[in-house]
Amino acid sequence: MNDYELSVALLRGHALHARIAADSKELKRLADSIRDHALDRPTEHVPLEDEASEGTRWIYERRGMSVVVVCPKDKLKASIRPDSKGGQQILAAAGDAAGFLFDRQEILVPKDGFRLRLGQANLTAAQREKILRAASSDSSPQVRWEILPEGGAS
């Protein structure tokens, strides 16, 4: 590349970078408004396609395109340190039920069927919510833009 070609590439690169930044901001605003619309309509959600995943999805299709809002259930943490803030909240809320819900060695590990066990534990709704919040990490809804296969919905 000579100096002129470098200069043209520099100017073109900056122009493209600015346009991409502006388009990205607009796309985020659109995605946020679609996500909020979907979250306001939980009765229109369907289960996720992947049987191993928990959560729902909301779909809008038009003219061979779709937007899908995926709302995964919050993921359980693999382990929680008892001396952490979350661990202390769990132990305080669970009381005697801690052994029923968690394998406890030096860390708290949610037992298989944790959500079912949590529902069966002799705890108040507030205690259950506090334990679930401390034992899981937030899974935010994601917006996906898709092109439908030929002959898809219209």
Side-chain angles (χ1 to χ4, degrees), residues 9 12-94 97-98 100-121 123-154:
R12 182 78 179 125
H14 272 276
L16 287 170
H17 185 267
R19 188 167 67 199
I20 289 168
D23 288 349
S24 293
K25 282 173 112 174
E26 181 182 2
L27 181 60
K28 181 173 179 358
R29 281 193 305 269
L30 291 170
D32 288 348
S33 64
I34 288 171
R35 182 203 62 224
D36 293 346
H37 177 90
L39 293 175
D40 286 343
R41 290 159 178 76
T43 59
E44 297 174 10
H45 290 220
V46 295
L48 292 175
E49 290 173 325
D50 179 10
E51 293 177 11
S53 299
E54 293 183 87
T56 62
R57 60 193 164 104
W58 178 89
I59 306 165
Y60 181 76
E61 298 176 345
R62 187 73 85 228
R63 295 188 200 128
M65 297 175 281
S66 72
V67 61
V68 180
V69 179
V70 177
C71 303
K73 271 193 177 177
D74 291 344
K75 300 282 185 199
L76 288 179
K77 295 177 182 174
S79 63
I80 301 113
R81 289 188 344 266
D83 59 341
S84 70
K85 181 179 176 184
Q88 291 175 0
Q89 290 173 340
I90 288 170
L91 294 174
F100 178 68
L101 299 170
F102 297 92
D103 287 325
R104 185 165 181 206
Q105 292 116 14
E106 293 179 22
I107 56 173
L108 298 170
V109 177
K111 288 188 176 182
D112 288 341
F114 175 79
R115 292 178 198 274
L116 179 63
R117 286 174 172 266
L118 188 58
Q120 295 170 341
L123 299 168
T124 66
Q127 288 171 310
R128 286 187 186 104
E129 179 62 29
K130 187 177 278 190
I131 292 167
L132 185 59
R133 198 173 333 111
S136 58
S137 55
D138 185 27
S139 298
S140 301
Q142 300 294 313
V143 177
R144 294 190 329 228
W145 308 91
E146 299 178 355
I147 302 294
L148 299 174
E150 199 69 30
S154 57

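Keep in mind that what you see is a predicted model, and the values were worked out from it rather than measured. Only this structure's heavy atoms are used, side chains among them; waters, hydrogens and symmetry mates stay out.
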Quiz item: Just wondering, more than 12 heavy atoms not from Asp83 lying within 6.0 Å of its CG?
Solution: yes
Between [X] and [Y], is any pair of side-chain heavy atoms under 4.5 Å apart?
{"X": "Phe114", "Y": "Leu132", "result": "yes"}
{"X": "His14", "Y": "His17", "result": "no"}
{"X": "Leu108", "Y": "Lys77", "result": "no"}
{"X": "Leu91", "Y": "Phe102", "result": "no"}

Quiz item: Which residues satisfy the side-chain hydrogen bond (donor to acceptor under 3.5 Å, both in side chains) test with Gln89, sequence neighbours excluded?
Solution: none
Smallest separation among heavy atoms of [X] and [Y], with atom names:
{"X": "Lys111", "Y": "Phe100", "answer": "CD-O, 3.5 Å"}
{"X": "Ala78", "Y": "Val109", "answer": "O-CG1, 3.6 Å"}
{"X": "Val70", "Y": "Pro72", "answer": "O-CD, 3.3 Å"}
{"X": "Ala134", "Y": "Ile80", "answer": "O-CG1, 4.4 Å"}
{"X": "Val69", "Y": "Pro141", "answer": "CG1-CB, 4.2 Å"}
{"X": "Arg115", "Y": "Leu76", "answer": "NH2-CG, 4.2 Å"}

Exercise. Output the distance between atom NZ (Lys25) and atom CG (Leu27), rounded to the nearest 0.5 Å.
Key: 13.5 Å
Quiz prompt | Short N-O contact, Arg35 and Asp32, less than 4.0 angstrom | solution = yes
